[in-house]
Protein chains: 2
Amino acid sequence: MESYHHGDLAKALLDKAEALVEEVGLDALSIRACAKAAGVTHSAAFRHYRNKRHLLTALASRSANRMADFIGERSSQANKSSQLLEVGMAYIGFAMTNPNLFRLVFREEIIDASDQNYRAATRRLADQLGDSRMKRTVDDPLSETALLAWSAVHGMACLSIDGSLQSDVPDENKMQIFRNSLSKMQPVFAA
Amino acid sequence: MESYHHGDLAKALLDKAEALVEEVGLDALSIRACAKAAGVTHSAAFRHYRNKRHLLTALASRSANRMADFIGERSSQANKSSQLLEVGMAYIGFAMTNPNLFRLVFREEIIDASDQNYRAATRRLADQLGDSRMKRTVDDPLSETALLAWSAVHGMACLSIDGSLQSDVPDENKMQIFRNSLSKMQPVFAA
DNA sequence: CGATTATGTAACCAGTGGTTACATTGATTT
DNA sequence: AAATCAATGTAACCACTGGTTACATAATCG
């Protein structure tokens, strides 16, 4: 038996949410299920997260950081010439391994996009994507190719996890196809 | 006052759903709200759609068809040389005008992806995207460039409507940036 | 006209996000 | 050490949701 007080319920809830979300799906995730998994009443959860939105925001922030870490690792392992490609492949790899966490990071309607932690996490992620010029899209012509690269990678990730591509292909083969496909973009960056 | 029987409740519900979804968001859309908007009890709706999933599937099918139509129009208006670019821009344009309908078409977790109407509609859409080789990704090397193009366009659409890009830029300017960005891909297709 | 069938309503169920009043605990102060 | 107080838990409740069932009404067809 545990004590009346939990210890670190806030973190426990996040952990349970992270585990549950890949089980039951992003839309079916409920605060009550997280609370029950943590062995606690659902109202206890609201003591640590004002509402569901806040829980999801916290999870999104953590996921964005995980993603940035993952990409960072892969990026540092690659040699300079293939870095852009490897970053893209890591991006897609994270999405395919954690589809719902990946979706959560970008579904700004169900989270608090103005949250400071979330913004910091996504900024870290954007920085990891090469150069932060990807986000400054207004009058910087260089960013147009960066936007193109990001879009291609993001699009592949989305199409892949949403099942819009042929779905009876094993993940490894898919990854190889993505790699080949992305490679074709090289002439764009050569210029 | 209307008669006891509605006339074409199935279609009315779809219409109301289509209108409501862009108002309240995809996740907040409820069968009860659609039914009320159609002036009918929520249980009447279940007479025409077995469950929410079926309603959303029907709406997704209709949206995919609308999208295919829209792209088809734009495509036929363009001259041969710029067709690929125009198709892509139409794809993004539809997404930005109807973000939630666009999302619905690709959110296969909340719809019945094996539904025949849905499959027919998405196949039409895929065909409209140039050549249907986009979907046969296994051992057809040509499709790698098609996949790249689709991904780039799809990624731009998603990033744009999800607010991951700089959001204080008016839509028209965004579209111009997208056009410029996509244009950079030309050398890939020249080969 | 009468029976059948399609389509609507009313009342109900379990589950959800969220709130409020109350109970329990751990830490602080004296 | 005892009293106090804020942090953290529970229980009971609310409105709403998707979904079901029994019943009422209307249209249709013999």
Side-chain angles (χ1 to χ4, degrees), chain A residues 1-60 100 104 107-113 115, chain B residues 1-60 100 104 107-113 115:
Chain A
M1 273 300 157
E2 296 276 314
S3 64
Y4 190 85
H5 279 207
H6 184 283
D8 195 352
L9 185 53
K11 181 178 175 300
L13 285 170
L14 260 194
D15 292 340
K16 298 302 184 182
E18 184 172 339
L20 275 172
V21 76
E22 294 296 358
E23 259 183 57
V24 305
L26 190 45
D27 299 303
L29 182 68
S30 76
I31 266 195
R32 293 173 113 101
C34 297
K36 179 181 269 184
V40 104
T41 312
H42 79 277
S43 12
F46 285 89
R47 192 74 64 175
H48 299 272
Y49 300 97
R50 229 175 306 161
N51 48 38
K52 188 179 185 179
R53 206 176 189 79
H54 274 69
L55 213 204
L56 292 181
T57 303
L59 186 56
N100 285 317
L104 180 58
R107 198 170 297 175
E108 306 211 344
E109 340 145 39
I110 61 173
I111 68 184
D112 177 10
D115 176 86
Chain B
M1 275 298 157
E2 297 275 313
S3 64
Y4 189 85
H5 280 208
H6 184 283
D8 195 352
L9 184 53
K11 181 177 175 301
L13 285 170
L14 260 194
D15 292 341
K16 297 303 183 180
E18 184 172 339
L20 276 172
V21 76
E22 295 295 358
E23 258 183 58
V24 304
L26 189 44
D27 299 303
L29 182 68
S30 76
I31 266 195
R32 292 172 113 102
C34 297
K36 179 180 270 185
V40 105
T41 312
H42 79 278
S43 12
F46 285 89
R47 192 74 65 172
H48 299 271
Y49 300 96
R50 229 174 308 162
N51 48 38
K52 188 178 184 179
R53 206 176 190 78
H54 274 69
L55 212 203
L56 292 181
T57 303
L59 186 56
N100 285 317
L104 179 59
R107 197 171 298 175
E108 305 211 344
E109 341 144 38
I110 61 174
I111 67 184
D112 177 10
D115 177 85

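Order of the sequence lines fixes the chain letters, A, B, ..., with proteins taken first and strands second; residue numbering starts at 1 for each chain. Computed from a predicted structure; not experimentally measured.
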Those residues that, when tested against B/Asp112, pass side-chain hydrogen bond (donor to acceptor under 3.5 Å, both in side chains) (two or more places apart)
B/Ser114
Do any of residues 49-58 of chain A sit with a heavy atom less than 4.0 Å from DNA chain D, and if so which?
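Output list: empty, so none.
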Where along residues 29-48 of chain B does a heavy atom come under 4.0 Å from DNA chain D, residue by residue in number order?
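Output list: B/Leu29, B/Ser30, B/Ile31, B/Arg32, B/His42, B/Ser43, B/Phe46, B/Arg47.
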Below 4.0 angstrom, which residues in residues 8-26 of chain B have at least one non-hydrogen atom near DNA chain C?
B/Leu9
Which residues share a salt bridge (Lys or Arg N to Asp or Glu O under 4.0 Å) with A/Asp15, sequence neighbours left out
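Listed in chain order: A/Lys11, A/Arg62.
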Any salt bridge (Lys or Arg N to Asp or Glu O under 4.0 Å) pairs touching residues 40-59 of chain B, not counting sequence neighbours?
none
Please report the C-alpha distance between A/Leu56 and A/Leu29 in whole Å, then the side-chain angles of each, then the deciding distance to 0.1 Å, and finally whether the side-chain contact (heavy atoms from CB on, under 4.5 Å) criterion is met.
CA-CA 10 Å; A/Leu56 292 181; A/Leu29 182 68; 3.8 Å; yes
Backbone N/O of B/Asn100 and side chain of B/Glu22: donor-acceptor pair under 3.5 Å:
yes
Suppose we screen for side-chain contact (heavy atoms from CB on, under 4.5 Å). Which residues come up paired with A/Ala37, at least two apart in sequence or across chains?
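For A/Ala37 the side-chain contact (heavy atoms from CB on, under 4.5 Å) partners, ignoring immediate neighbours, are A/Lys16, A/Leu20.
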Among all residues two or more places apart in sequence or in another chain, which pass the side-chain contact (heavy atoms from CB on, under 4.5 Å) test with A/Ala10?
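Applying side-chain contact (heavy atoms from CB on, under 4.5 Å) to A/Ala10 gives A/Asp8, A/His48, A/Tyr49.
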Are any non-hydrogen side-chain atoms of B/Leu104 and B/Ile110 less than 4.5 angstrom apart?
yes
Between B/Leu55 and B/Leu14, does the side-chain contact (heavy atoms from CB on, under 4.5 Å) criterion hold? Intermediate values first, please.
CA-CA 7 Å; B/Leu55 212 203; B/Leu14 260 194; 3.8 Å; yes
Residues pairing under side-chain hydrogen bond (donor to acceptor under 3.5 Å, both in side chains) where one sits in residues 30-43 of chain B, two or more places apart or in two chains, turn out to be none
